[in-house]
Protein chains: 2
Amino acid sequence: MDIHHLKIFVSVYKNKSFTKASEKLHISQPTISEHIKNLEKSLNCKLFDRLGRSIMPTAEADVLYPKALQILDDLDQIQEDISAAGIGVKGKLIIGASTIPGAYILPRMAYTFKKQYPDVAFEILIEDSSKITNMVLQHDLFFGIVGAKMTSEKLDYEPLIEDELVLVATPKLLPQKTITLDKLRSIPFLQREIGSGTRQTFENFLKKNTITTNTFNIVATLGSISAVKQAVKGNLGASVISRVAVQEELDSSILHEIPIINMKMKRKFYLVLQKKRTLPTQYAAFCEHMKKKY
Amino acid sequence: MDIHHLKIFVSVYKNKSFTKASEKLHISQPTISEHIKNLEKSLNCKLFDRLGRSIMPTAEADVLYPKALQILDDLDQIQEDISAAGIGVKGKLIIGASTIPGAYILPRMAYTFKKQYPDVAFEILIEDSSKITNMVLQHDLFFGIVGAKMTSEKLDYEPLIEDELVLVATPKLLPQKTITLDKLRSIPFLQREIGSGTRQTFENFLKKNTITTNTFNIVATLGSISAVKQAVKGNLGASVISRVAVQEELDSSILHEIPIINMKMKRKFYLVLQKKRTLPTQYAAFCEHMKKKY
DNA sequence: CATAGCCAATAAGGAAAAATCATGGATATT
DNA sequence: AATATCCATGATTTTTCCTTATTGGCTATG
């Protein structure tokens with residue numbers, strides 16, 4: 001049994017005539033005969049009594065008719081639903097991000113995006129860059145926002161945000177306007193745990209100057225950005241933190257930024273997604289939103 | 001869009017592979033490719049991201065999948081419903097009949113039939129034979145039970161019941177065991193109105209003996225069988241009535257039958273139906289029931 | 001990093017199905 | 001009766017569907 005058969009049956013039933021049905025459907029009358037015959041065979045019943053000049057639907061046809069109509073309607077509905085599926089920007093957005101973007105960048109972007117498209121719901125998953133990237137590779141995420149690039153032919157990386165690691169401290173602890181890398185080593189210093197992206201980035205910058213944190217005056221190793229911030233505010237020491245993470249404190253002068261002479265620790269956050277993967281509408285829209293904003 | 005396309009889509013979606021789907025469906029892989037391509041074109045969207053070695057359904061495919069399953073289920077359901085439609089003997093039976101069969105024969109048959117098939121409901125329509133026959137011709141009825149044949153190529157007549165017009169009276173009015181047609185004319189006689197089947201049949205029999213009711217001793221003309229019966233019981237006169245209509249009175253000896261010498265007024269009632277019309281199950285079953293009983 | 005293996009896309013040819021045209025039988029209409 | 005209408009049938013053409021063979025992209029393995 002086929003859609004075509006049902007369409008023809010419905011038309012014959014409506015028009016009570018093979019010929020009229022054939023005209024409405026723009027096919028020849030023998031075709032109608034053939035199809036009805038096949039439909040009758042496949043359903044193993046007679047659908048119309050051929051009375052010579054006229055036809056009469058049988059009891060089976062009366063049963064079939066409403067059901068056939070229903071199926072045809074459902075099919076049309078599918079076409080519409082599929083077309084409509086792409087139109088509205090709505091639904092859930094599950095986004096992976098590493099610590100900094102997940103805590104300080106994505107929430108702002110999500111907020112402005114949701115103002116424009118209220119029918120979206122965000123779910124932000126914070127993991128380290130490599131986990132996020134693997135989830136994208138395994139199709140567990142449509143995209144992620146990460147600070148480290150992995151080399152993979154499957155992935156597309158698009159630079160999203162410029163970030164910078166900055167040395168911060170209370171004005172009390174470090175009243176000076178600038179500092180040299182050398183002098184910094186004598187200052188009480190707070191660092192993140194091993195494996196933290198921020199720490200890794202910082203150590204990479206130090207390596208370029210053939211220095212390690214081993215020569216620093218480490219007063220504490222802390223497990224989160226906010227722990228470090230609290231400690232810095234509490235005057236325990238200075239630290240190197242993403243500017244976006246301390247923007248508020250810098251603006252309100254609770255902390256201040258002390259440029260390290262001859263050292264710029266810029267880094268980028270990237271949007272990572274699979275090259276060949278088609279993004280659902282809301283994801284594509286959010287991508288555009290992010291690229292436009294930054 | 002076609003059922004076949006949906007079946008293929010569902011299989012690809014389930015197996016997450018064109019090749020596996022092709023094996024399950026016993027068709028070649030390029031055919032799958034082709035059909036999915038066509039489905040994508042007709043729905044104007046991408047359904048699967050081809051990622052090289054694997055494929056991923058897109059958001060549109062996720063929308064389509066449950067709907068496609070639903071439609072396929074519905075189609076199977078149709079097949080079953082149609083097959084099942086013919087099985088049970090149930091539903092409404094609208095049957096046309098002329099006066100005598102409608103009042104004295106059909107009710108008994110309907111009663112015994114309903115004992116066998118409790119899920120049927122009868123609707124008995126009493127009209128004169130020509131009206132019933134026309135309704136059958138116009139497909140307003142599947143069949144009727146009539147006393148008069150019309151010549152039409154479209155119709156099938158099947159003899160159902162032998163009936164006989166009999167002269168009845170109270171023993172008080174007509175104590176004799178037999179009577180001649182000649183003597184009958186002096187007896188007070190009750191007749192039906194013009195147009196009644198019984199009267200017409202009786203007059204046809206008289207015509208064969210070149211007699212009309214004009215020469216009878218008519219004491220009243222009455223509009224229904226029961227009116228005539230009441231009048232005969234009230235001793236107003238004798239009358240000629242279908243035996244089935246007075247069987248009770250004959251059995252209980254309230255009235256008795258006086259054979260008219262050299263006159264047998266047998267007549268038949270016929271089942272009338274359209275030659276080419278397919279009967280719904282309950283009608284076909286009732287037909288068989290009637291033929292078996294008589 | 002190169003090769004073998006897997007998967008889908010493409011091309012070309014053949015088989016099956018569907019549509020058409022022409023025709024014939026049946027049935028109303030006049 | 002003659003005509004027009006309607007469905008069925010048969011022969012023919014067109015379209016669709018399916019297969020084999022091949023290509024090209026990706027991946028896992030040595």
Side-chain angles (χ1 to χ4, degrees), chain A residues 1-9 11-42 46-58 61 134 137-139 150-156 274-278, chain B residues 1-9 11-13 15-42 46-58 61 134 137-139 150-155 274-278:
Chain A
M1 182 166 37
D2 212 17
I3 293 304
H4 203 188
H5 291 129
L6 293 186
K7 278 186 183 159
I8 287 175
F9 164 76
S11 186
V12 170
Y13 189 97
K14 271 186 189 160
N15 294 300
K16 302 193 181 307
S17 154
F18 283 41
T19 304
K20 275 186 194 136
S22 78
E23 286 161 4
K24 294 257 165 109
L25 297 173
H26 306 290
I27 54 182
S28 70
Q29 169 267 314
T31 304
I32 305 279
S33 289
E34 183 79 11
H35 279 302
I36 294 292
K37 197 168 73 179
N38 289 340
L39 187 56
E40 287 178 329
K41 199 162 70 183
S42 91
K46 213 174 174 190
L47 291 172
F48 296 98
D49 283 324
R50 281 75 157 175
L51 307 167
R53 186 150 169 167
S54 65
I55 59 171
M56 276 290 286
T58 63
N134 278 324
L137 275 170
Q138 287 161 37
H139 308 293
M150 269 174 69
T151 43
S152 163
E153 279 301 312
K154 284 184 173 181
L155 297 174
D156 246 359
Q274 286 236 24
K275 272 178 187 163
K276 303 211 169 174
R277 190 96 192 262
T278 305
Chain B
M1 181 166 40
D2 211 16
I3 293 304
H4 202 187
H5 292 130
L6 293 186
K7 280 186 182 159
I8 287 174
F9 164 77
S11 186
V12 170
Y13 189 97
N15 294 301
K16 301 192 179 310
S17 152
F18 283 42
T19 303
K20 274 185 196 142
S22 78
E23 287 162 4
K24 293 257 167 108
L25 297 174
H26 305 292
I27 54 183
S28 69
Q29 169 266 313
T31 304
I32 305 279
S33 288
E34 183 77 13
H35 280 304
I36 294 293
K37 197 169 73 181
N38 288 340
L39 185 57
E40 286 178 330
K41 198 163 68 182
S42 89
K46 211 175 174 191
L47 291 172
F48 296 98
D49 283 325
R50 283 74 160 175
L51 307 168
R53 187 152 169 166
S54 64
I55 59 171
M56 275 292 285
T58 63
N134 277 325
L137 275 170
Q138 287 161 37
H139 308 294
M150 271 174 69
T151 44
S152 164
E153 279 301 313
K154 286 183 169 180
L155 297 175
Q274 287 234 26
K275 272 179 187 163
K276 302 206 171 176
R277 190 99 192 259
T278 304

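In what follows, every chain begins at residue 1, and chains take the letters A, B, ... in the order their sequences are listed.
Across the protein-nucleic acid pair, A:Arg50 atom CZ and D:dT5 atom C1' stand 17 Å apart, rounded to whole Å. The CG atom of B:Asn15 sits 10 Å away from the P atom of C:dA8 (whole-angstrom rounding). Atom CZ of B:Phe18 is separated from atom P of D:dC18 by 15 Å (rounded to the nearest Å). Look at CG on A:Asp49: it is 13 Å from C1' on D:dC7, rounded to the nearest Å. Atom-to-atom, CZ of B:Arg277 to P of C:dT27 comes out at 16 Å; the value is rounded to the nearest Å. When the C1' atom of D:dT19 is taken as reference, atom CD1 of B:Ile32 falls 13 Å away, rounded to whole Å. At whole-Å resolution of the value, CZ in A:Phe48 and C1' in C:dA26 are 19 Å apart. Put simply, CE on A:Met56 is 17 Å from P on C:dT27, counting in whole angstrom units.
For the residue pair A:Thr19 and A:Glu23, no side-chain donor N or O sits within less than 3.5 Å of a side-chain acceptor on the partner. Between the side chains of A:Asn15 and A:Ser11, a donor-acceptor pair is found at a separation under 3.5 Å.
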Expected string for nucleotides 23-30 of chain D under the B/S/- scheme (protein heavy atoms, under 4.0 Å, primed atoms plus P, OP1, OP2 as sugar-phosphate) is --SSS---

Summary of protein contacts for nucleotides 18-23 of chain C, nucleotide by nucleotide, where a base hit scores B, a sugar-phosphate-only hit scores S (4.0 Å, heavy atoms) | SSBBB-

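Other residues, nucleotides and ligands contribute more than 12 heavy atoms inside 6.0 Å of the NZ atom of B:Lys275. Within 6.0 Å of the NZ atom in B:Lys37, the count of heavy atoms belonging to other residues, nucleotides or ligands does not exceed 12.
For the pair A:Glu40 (side chain) and A:Leu47 (backbone), a donor-acceptor distance under 3.5 Å is present. With hydrogens and angles disregarded, a donor-acceptor distance shorter than 3.5 Å links the side chain of A:Thr58 to the backbone of A:Lys46.
Of all the heavy atoms in A:Phe48 and A:Pro57, the pair that sits closest is CD2-CA, 3.6 Å.
Here A:Ser54 lies out of heavy-atom contact (under 4.0 Å) with every strand.
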Worked verdict on A:Leu51 versus B:His139 for side chain to side chain contact (heavy atoms under 4.5 Å, CB included) | CA-CA 11 Å; A:Leu51 307 167; B:His139 308 294; 3.1 Å; yes

Take A:Ile8 and A:Leu39 through the test side chain to side chain contact (heavy atoms under 4.5 Å, CB included) and record every step on the way to the result.
-> CA-CA 10 Å; A:Ile8 287 175; A:Leu39 187 56; over 6 Å; no

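Distances shorter than 4.0 Å separate none of the side-chain N or O atoms of B:Thr19 from OP1 or OP2 on C:dC6. For C:dT10, one of the phosphate oxygens OP1 or OP2 lies less than 4.0 angstrom from a side-chain nitrogen or oxygen of B:Lys37.
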